Amino acid sequence: MAPLVHGCPWCYIGKARFEKGLAEFAHRNEVEVVHRSFELDPSRAKGDTALVIDMLAEKYGRSREEAASMEANVAANAQAEGLGYRTEGRDHGSTFDLHRLLHLAKARGCQDELLTLAYRANFAEERSVFDDEVVLALAVEAGLDADEARAVLADPGAYADDVRTDEREAAELGANAVPFFVLDRRYGISGGQPSEVFVQALEQAWKDRSATALTTVGGDAAACDADGACEVPRG
């Protein structure tokens with residue numbers, strides 16, 4: 001299990017680190033990666049958006065200058081992984097519709113493609129993923145049929161149960177912050193860990209495939225919780 005949370009910068013960074021770790025794993029061709037839904041700020045209504053800098057300042061009780069510094073620290077972590085990251089102009093809003101569309105993409109075999117494009121649009125490009133037309137363009141770019149994707153966005157019930165099922169499963173597994181990775185439902189990796197942690201966890205899970213209890217591996221790492229609060233490294 002890997003995180004499917006487009007608004008969390010540590011999921012964006014964590015996905016890249018996980019993929020680097022997976023690329024070094026000897027049995028990588030036998031690993032199936034499944035993305036699960038986890039909403040940040042699930043109570044936010046569709047269309048209710050705010051600039052990320054303003055949201056961070058309000059949530060953490062900081063000035064806009066301090067919030068901008070927090071974003072710059074996250075950007076440095078993203079750029080160290082070769083990822084683009086805009087520190088100004090990004091918006092924050094409800095991700096529920098995009099989660100529903102990502103489940104359609106899963107059914108059509110292009111979920112990872114759409115997630116990657118959504119991350120890039122949200123964090124690195126001047127494209128708001130809270131604009132339905134932008135999301136539709138990303139869906140088509142990922143390989144979805146435009147009419148089918150538009151129909152899903154127009155129907156609030158389409159794939160809604162799939163999103164809620166994922167969220168319940170996350171709660172059952174103890175995932176109260178993201179990114180949160182689960183290997184074979186037995187090994188949990190919390191936060192945006194370095195790629196070598198993923199290599200070690202994959203190797204351990206491969207060697208010990210008879211275990212049944214969920215074990216958390218790796219130390220503490222930056223993450224975003226269900227209320228949208230994201231830890232930011234200092235320095």
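Source: prediction; values computed, not measured.
The shortest side-chain heavy-atom distance between Asp112 and Val33 does not fall under the 4.5 Å cut-off. In this structure, the side chains of Trp10 and Val74 come closer than 4.5 Å at one or more pairs of heavy atoms. Looking at Arg185 and Leu173, their side chains come closer than 4.5 Å, going by heavy atoms from C-beta outward. At least one side-chain heavy atom of Ser37 sits less than 4.5 Å from a side-chain heavy atom of His103. The closest side-chain heavy-atom distance from Asp97 to Val135 is not below 4.5 Å. Between Val182 and Ile189 there is no side-chain heavy-atom pair separated by less than 4.5 Å. Proximity of Val34 to Arg36: side-chain heavy atoms (C-beta onward) are separated by under 4.5 Å at one or more points. The shortest side-chain heavy-atom distance between Thr165 and Arg168 falls under the 4.5 Å cut-off.
Taking a 6.0 Å sphere around CZ of Arg164, one finds it holds more than 12 heavy atoms contributed by other residues, nucleotides or ligands. The neighbour count for Asp155 CG, taken as heavy atoms of other residues, nucleotides or ligands under 6.0 Å away, is above 12. Within 6.0 Å of atom CD in Glu58, 12 or fewer heavy atoms from other residues, nucleotides or ligands are found, so the atom counts as exposed in its surroundings.
Counting only N and O atoms by type, the side chains of Tyr85 and Glu71 include a donor and acceptor under 3.5 Å apart. Thr49 and His92 share no donor-acceptor pair across their side chains, judged by distance under 3.5 Å alone.
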Full working for side-chain contact (heavy atoms from CB on, under 4.5 Å) between Asp91 and Val52: CA-CA 5 Å; Asp91 49 5; Val52 168; 5.7 Å; no
I would like to know whether Phe96 and Glu39 meet side-chain contact (heavy atoms from CB on, under 4.5 Å); could you show each step before the answer? CA-CA 7 Å; Phe96 190 64; Glu39 289 180 272; 3.5 Å; yes
Is there a salt bridge (charged side-chain N to carboxylate O under 4.0 Å, His left out) between Arg90 and Glu125 once you walk through the steps? CA-CA 9 Å; Arg90 291 197 302 109; Glu125 301 173 348; over 6 Å; no
side-chain contact (heavy atoms from CB on, under 4.5 Å) assessment of Phe123 paired with Leu83: CA-CA 9 Å; Phe123 292 107; Leu83 301 171; over 6 Å; no
Step by step, would you call His35 with Asp166 a side chain to side chain donor-acceptor pair (under 3.5 Å)? CA-CA 9 Å; His35 300 286; Asp166 277 357; over 6 Å; no
Could you walk me through whether Leu101 and Leu104 pass the side-chain contact (heavy atoms from CB on, under 4.5 Å) test, one step at a time? CA-CA 5 Å; Leu101 198 59; Leu104 168 65; 3.8 Å; yes
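Looking at Asp161 and Arg100, no side-chain N of the basic residue comes within less than 4.0 Å of a carboxylate O on the acidic one, giving no salt bridge. Glu81 and Lys15 are not joined by a salt bridge, as no carboxylate oxygen comes within less than 4.0 angstrom of a charged side-chain nitrogen. Between Lys20 and Glu24, no side-chain nitrogen of the basic residue sits less than 4.0 Å from a carboxylate oxygen of the acidic one, so the salt-bridge criterion is not met.
Side-chain atoms of Arg108 do not come within 3.5 Å of backbone N or O of Cys110 as any donor-acceptor pair. Of the possible donor and acceptor atoms, none in the side chain of Thr95 sits under 3.5 Å from a partner among the backbone N and O of Leu98. Formation of a donor-acceptor pair under 3.5 Å by the Arg17 side chain with backbone atoms of Pro194 is not found in this model. At least one donor-acceptor pair under 3.5 Å links the side chain of Arg44 to the backbone N or O of Asp48.
There is no path of hydrophobic side-chain contacts, each under 4.5 Å, that joins Leu183 to Val199.
The ring-ring contact (aromatic ring centres under 6.0 Å, His included) with Phe198 is formed by just one residue from the set Phe25, Tyr187, Phe18; it is Phe18.
Going from atom CG of Leu153 over to atom OH of Tyr159 covers 12.0 Å, rounded to the nearest 0.5 Å. Distance CD1/Ile13 to CG/Asn77: 5.0 Å, rounded to 0.5 Å. Here Leu115 contributes atom CG and Tyr12 contributes atom OH; the two are 11.0 Å apart, rounded to the nearest 0.5 Å. Distance CG/Asn73 to OG1/Thr87: 11.0 Å, rounded to 0.5 Å.
Listed here is the closest heavy atom pair of Ile53 and Ala68: CD1-CA, 3.7 Å.
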